[in-house]
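Before any comments, here is the structure.
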Amino acid sequence: MFTTVAWVEGKVRFIDQTRLPAEEIYAETADYRVVGEAITSLRIRGAPAIGVAAAFGVLAAVTGKEFPSARDFLSAMNEAVSSLASTRPTAVNLFAALQRMRHAVDGGESFPPSELLRRVREEALAIQREDVESCRRIGTLGAELIRPGTSVLTHCNAGALATAGEGTALSVITAAAREGKVTRVYVDETRPLLQGARLTAWELVRQGIEVVLMTDSTAATVLRQGKVQAVIVGADRIAANGDAANKIGTYPLSVLAARHGIPFYVAAPTSTIDPATPDGDGIPIEERPSEEVTHIGGRRIAAAGVKVFAPAFDVTPASLITAIITEKAVLRPPYHESIAAVTRERPAAEAAP
Ligand code: MRU
């Protein structure tokens with residue numbers, strides 16, 4: 001197996017996802033700014049993995065240093081939190097993780113820096129541990145929805161590379177495959193950055209699951225041909241009413257699934273739910289640099305001077321989502337009720353834009 005992101009001997013260690021599948025290269029850093037850059041450049045990506053990496057980034061900012069006072073410790077930590085919060089705006093897991101790190105040192109002015117460090121380390125490791133467990137539960141609960149002989153379509157990468165555990169959508173798929181219920185997985189290549197072709201296909205091939213890779217625009221054809229019995233995707237942020245932001249190209253899949261009477265499942269931990277955002281219109285959608293569309297592999301494929309629209313995510317309306325598979329329960333419409341039931345206890349991620 002590979003490790004997406006981990007805390008190893010005082011450093012953040014992560015697999016460089018921009019190099020996959022050609023090279024399996026790990027990077028190590030004790031600098032939270034390098035973690036921030038890795039998130040921005042998608043060397044670390046996927047909503048839960050971004051949250052875990054950011055928590056470790058904060059931990060790195062206060063590890064191995066001498067702080068004369070709690071105030072110095074907290075100021076170094078706050079600097080890292082603010083910097084990491086500005087990396088990517090859509091995945092709420094980032095803000096939820098940073099908020100947890102902040103809360104871990106609530107009232108911390110009266111503690112020695114060594115105690116603050118202990119708390120920060122505990123919290124970061126708890127965020128990682130909980131994500132591993134959430135992925136496992138999502139797989140178990142989601143696999144119950146899959147009937148024998150199902151071929152699944154997925155988009156982008158919601159696998160182990162996008163989390164600290166076995167993934168979200170891919171955890172469901174691999175758990176159902178272990179039970180012998182999955183015939184094959186149709187994987188959208190996921191333009192422009194090809195997370196499906198580069199990452200999801202790589203993960204599934206390693207697990208010995210039959211994969212059919214296709215261009216994004218082929219999805220309509222395979223659904224029309226009756227080759228797919230379920231669409232399962234991840235999410236970057238789910239609003240209180242169930243509207244779900246995920247990689248650009250997800251929304252059209254939900255429309256296609258409805259047109260062809262196929263269930264459309266979103267698999268995500270409850271840390272991806274943002275009860276403070278009432279509906280999808282309030283989810284900030286990141287726009288990526290135009291070069292990600294005008295160039296492939298560093299080579300220009302579009303006329304110089306062309307205008308580009310490059311949103312990284314789109315929003316699938318709750319009305320097109322059959323169920324949201326979380327680690328706590330499989331949520332069904334009406335989502336404002338089922339979501340409230342699993343998030344009631346939780347404070348909103350106040351740092352989220
Ligand atoms: O831009 P990315 O690669 O970070 O986008 C990732 C996705 O859209 C995933 O589907 C989502 O984060 C869910 S990951 C479990």
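Just follow the structure's listing: the first ligand is 1, and inside any ligand the first atom is 1. Atoms considered below: every heavy atom in the structure, side chains included; atoms not considered: hydrogens, waters and symmetry mates.
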Please confirm whether Arg45 comes within less than 3.5 Å of ligand 1 when only nitrogen or oxygen atoms on both sides are compared. yes

For Asp72 and Ser75, which I'm curious about, is there any donor-acceptor pair between the side chains at under 3.5 Å? no

Proximity of Gln195 to ligand 1 by residue part, where a heavy atom lies under 4.0 Å: side chain

Can you see whether Trp202 has Arg206 sitting over its ring - NZ or CZ less than 6.0 Å from the centre and within 45° of the normal? yes

For Ala47, the ligand 1 atoms with a heavy-atom partner under 4.0 Å come out as 12 (O), 14 (S)

Under a 4.0 angstrom heavy-atom cut-off, which atoms of ligand 1 come close to Pro48? 14 (S), 15 (C)

Which of the numbered atoms in ligand 1 are below 4.0 angstrom from a heavy atom of Ala162? 14 (S), 15 (C)

Under-4.0 Å heavy-atom contact with ligand 1, by part of Ala235 that carries it: backbone

Determine, using heavy atoms of Asn157 and all atoms of ligand 1, whether some pair is separated by less than 4.0 Å. yes

Please round to the nearest 0.5 Å and tell me the distance separating atom CZ of Phe264 and atom CD1 of Ile232. 10.5 Å

Could you list which atoms of ligand 1 come closer than 4.0 Å to a heavy atom of Gly46? 4 (O), 12 (O)

Indicate, with yes or no, if Val185 and Leu256 share a hydrophobic cluster defined by side-chain heavy-atom contacts under 4.5 Å among Ile, Leu, Val, Met, Phe, Trp and Tyr. no

Go through the side-chain N and O atoms of Glu327 and Thr270 and say whether any donor and acceptor fall under 3.5 Å apart. yes

Just checking, any donor-acceptor pair under 3.5 angstrom between side chains of Thr218 and Thr215? yes

Under 4.0 angstrom from ligand 1, any heavy atom of Cys156? yes

Within-4.5 Å side-chain heavy-atom neighbours: Pro284 and Thr277: no

Does Arg300 have more than 12 heavy atoms from other residues, nucleotides or ligands lying within 6.0 Å of its CZ? yes

Based purely on interatomic distance, does Thr168 place a nitrogen or oxygen under 3.5 Å from a nitrogen or oxygen of ligand 1? no

Hey, are Asn157 and Arg198 close enough side-chain-wise for a donor-acceptor pair under 3.5 Å? no

What protein heavy atom sits nearest atom 10 (O) of ligand 1, and how far away is it? Asn246 OD1, 2.6 Å

Tell me whether ligand 1 is touched by Arg88 - counting only heavy atoms on the residue side and a distance under 4.0 Å. yes

Look at atom 8 (O) of ligand 1 and say which protein heavy atom is nearest, naming residue and atom and giving the distance to 0.1 Å. Asp236 OD1, 2.9 Å

When distances are taken from atom 5 (O) of ligand 1, the protein heavy atom at minimum range is Lys247 CE, 3.3 Å

For atom OH of Tyr251, decide whether the heavy atoms of other residues, nucleotides or ligands shown that lie under 6.0 angstrom number more than 12. no

Can you list the ligand 1 atoms lying under 4.0 Å from a non-hydrogen atom of Phe313? 1 (O), 5 (O), 8 (O)

